[in-house]
Number of protein chains: 2
Amino acid sequence: MEKYTLEDCPIQPVVNVISGKWTSLILWEISQSHNHYGDLKRQLEGISTRTLATRLKTLEKQGILDRNVFPTNPPTVEYVLTKKGMDLAPVLYAMRDWSEKYN
Amino acid sequence: MEKYTLEDCPIQPVVNVISGKWTSLILWEISQSHNHYGDLKRQLEGISTRTLATRLKTLEKQGILDRNVFPTNPPTVEYVLTKKGMDLAPVLYAMRDWSEKYN
DNA sequence: CGGTATCCTCGATGATACTG
DNA sequence: CAGTATCATCGAGGATACCG
């Protein structure tokens, strides 16, 4: 019953991806070329390591992000948007436009 | 510290409006001319009366919706998007477009 | 550097009964 | 019809310590 409508609503799929306190902010930062874990951690001041790691892992599972490890010393990790993730850009920029108008 | 970044992020204002399990779905339904409380309740199958009422009240406080009461018998209540709320349309339609592509 | 492992808190949401 | 009032739950997120 609940499942029916939630799955049926034409915006539910994107809600499943961007919901959460930090998720859309993470996506925004990555879309702005803040691709490294440490860079994200710095930009998203106040986020816990646990939450950032959890959200990144979920987005990876959802096919929104790819995770690339560079065997430097110390190692660095980079997150990049997949095609599916890049296609969220219109959503993110519409969000930014509204925010600029009404903040 | 946390406040700084959250307030500073260029998409934070819209996140404050559309976050929550049901909020963007409510906005979608209202944008699709499901304006009556009972109509919304029917479309959003599975939502509790408490949650629907709470979210509508919050959206009203945020200036996204106007609440109109018609003194019919029994009374009916209609929720309509303000200009600020209507300006969320690009966000909602971008969400729908992505959802159609990747659901 | 880029996480994982634990424990804990708190607020959003749900269920239900009731009301003008 | 359109809610409000109460109580209960549940999981996202935070704090902290530790690790390869």
Side-chain angles (χ1 to χ4, degrees), chain A residues 1-7 9 12 15-27 29-30 34-62 64-80, chain B residues 1-7 9 12 15-27 29-30 34-62 64-80:
Chain A
M1 32 190 291
E2 172 181 333
K3 281 193 167 185
Y4 173 73
T5 299
L6 288 178
E7 287 173 2
C9 180
Q12 188 60 45
V15 171
N16 287 338
V17 170
I18 69 172
S19 68
K21 180 175 176 181
W22 292 99
T23 313
S24 48
L25 298 154
I26 291 170
L27 290 170
E29 293 302 334
I30 294 178
H34 295 134
N35 297 98
H36 290 261
Y37 180 91
D39 200 1
L40 289 169
K41 188 82 172 65
R42 228 171 301 115
Q43 293 294 319
L44 302 165
E45 207 170 339
I47 198 173
S48 67
T49 58
R50 205 189 67 80
T51 297
L52 180 53
T54 303
R55 308 279 28 157
L56 288 170
K57 203 171 286 184
T58 300
L59 290 167
E60 196 189 348
K61 275 183 195 162
Q62 291 173 323
I64 307 296
L65 300 177
D66 279 333
R67 179 177 183 270
N68 298 322
V69 184
F70 295 93
T72 50
N73 187 10
T76 60
V77 179
E78 168 189 276
Y79 292 89
V80 294
Chain B
M1 28 190 292
E2 174 181 331
K3 283 194 167 187
Y4 172 73
T5 299
L6 287 178
E7 287 173 2
C9 180
Q12 187 59 44
V15 171
N16 287 338
V17 170
I18 68 172
S19 68
K21 179 176 177 182
W22 292 98
T23 313
S24 48
L25 287 85
I26 292 170
L27 290 170
E29 293 302 335
I30 294 179
H34 294 135
N35 297 99
H36 291 261
Y37 180 90
D39 201 1
L40 289 168
K41 187 82 170 63
R42 227 172 302 115
Q43 292 296 320
L44 302 165
E45 208 171 337
I47 197 172
S48 67
T49 58
R50 207 189 66 81
T51 298
L52 180 53
T54 303
R55 308 279 24 151
L56 287 169
K57 203 170 286 182
T58 301
L59 289 168
E60 196 189 347
K61 275 184 193 159
Q62 291 172 322
I64 307 295
L65 301 177
D66 279 334
R67 179 177 182 270
N68 298 324
V69 184
F70 295 92
T72 50
N73 187 13
T76 59
V77 179
E78 168 190 277
Y79 292 89
V80 293

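Chain identifiers are assigned alphabetically (A, B, ...) following the order of the sequence lines, protein sequences preceding nucleic acid strands; residue numbering begins at 1 within each chain.
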Mark up nucleotides 2-7 of chain C, 5' to 3', with B wherever a protein heavy atom is under 4.0 angstrom from a base atom, S wherever such an atom reaches only the sugar-phosphate, and - elsewhere.
SBBBB-
Give the rounded distance in Å between these two atoms: CZ of B/Arg55 and P of C/dG14.
11 Å
To the nearest angstrom, how far is A/Ile47 atom CD1 from D/dG14 atom P?
7 Å
Determine whether B/Val17 and B/Thr23 satisfy the following criterion, side-chain contact (heavy atoms from CB on, under 4.5 Å), listing intermediate values before the conclusion.
CA-CA 8 Å; B/Val17 170; B/Thr23 313; 5.5 Å; no
Roughly, in whole Å, what's the span from NZ in A/Lys21 to P in C/dG11?
10 Å
Gap separating the CG atom of B/Leu25 from the CZ atom of B/Arg55, nearest 0.5 angstrom
12.0 Å
Which whole-number value in Å describes the distance from A/Asn35 CG to C/dC1 C1'?
16 Å
B/Leu59 CG - C/dA12 C1' separation (whole Å)
14 Å
How close or far is atom P of C/dC1 from atom NE2 of A/His34, stated in whole angstroms?
16 Å
Please check if the side chain of B/Lys57 supplies one atom and the backbone of B/Leu52 the other of a donor-acceptor pair under 3.5 Å.
no
Angle of first-five versus last-five pair axes in the helix from C/dC1-D/dG20 to C/dG20-D/dC1, to 10 degrees
60°
Is the phosphate of C/dG14 approached by B/Ser48 (side-chain N or O, under 4.0 Å from OP1 or OP2)?
yes
Taking the side chain as everything from C-beta on, heavy atoms only, tell me whether A/Ile30 gets closer than 4.5 Å to A/Val80.
no
A/Asn35 side-chain N/O to A/Tyr79 backbone N/O, donor-acceptor pair under 3.5 Å:
yes
Rounded to the Å, how far apart are B/Leu25 CG and C/dA12 C1'?
15 Å
Before giving the answer on side-chain contact (heavy atoms from CB on, under 4.5 Å), spell out for B/Thr49 and B/Tyr37 the whole-Å C-alpha distance, their side-chain angles and the decisive distance to 0.1 Å.
CA-CA 10 Å; B/Thr49 58; B/Tyr37 180 90; 3.7 Å; yes
Is the phosphate of D/dG14 approached by A/Trp22 (side-chain N or O, under 4.0 Å from OP1 or OP2)?
yes
Measure the distance from CG on B/Asn68 to C1' on D/dG3 and round it to the nearest whole Å.
16 Å
Using the test side-chain hydrogen bond (donor to acceptor under 3.5 Å, both in side chains), find all partners of A/Ser48 that sit at least two apart in sequence or belong to another chain.
A/Thr51
List the steps and the verdict of side-chain contact (heavy atoms from CB on, under 4.5 Å) for B/Trp22 and B/Leu44.
CA-CA 8 Å; B/Trp22 292 98; B/Leu44 302 165; 4.2 Å; yes
Using atom types as modelled and distance alone, determine if a side-chain donor or acceptor of B/Gln62 lies under 3.5 Å from a backbone N or O of B/Asn16.
yes
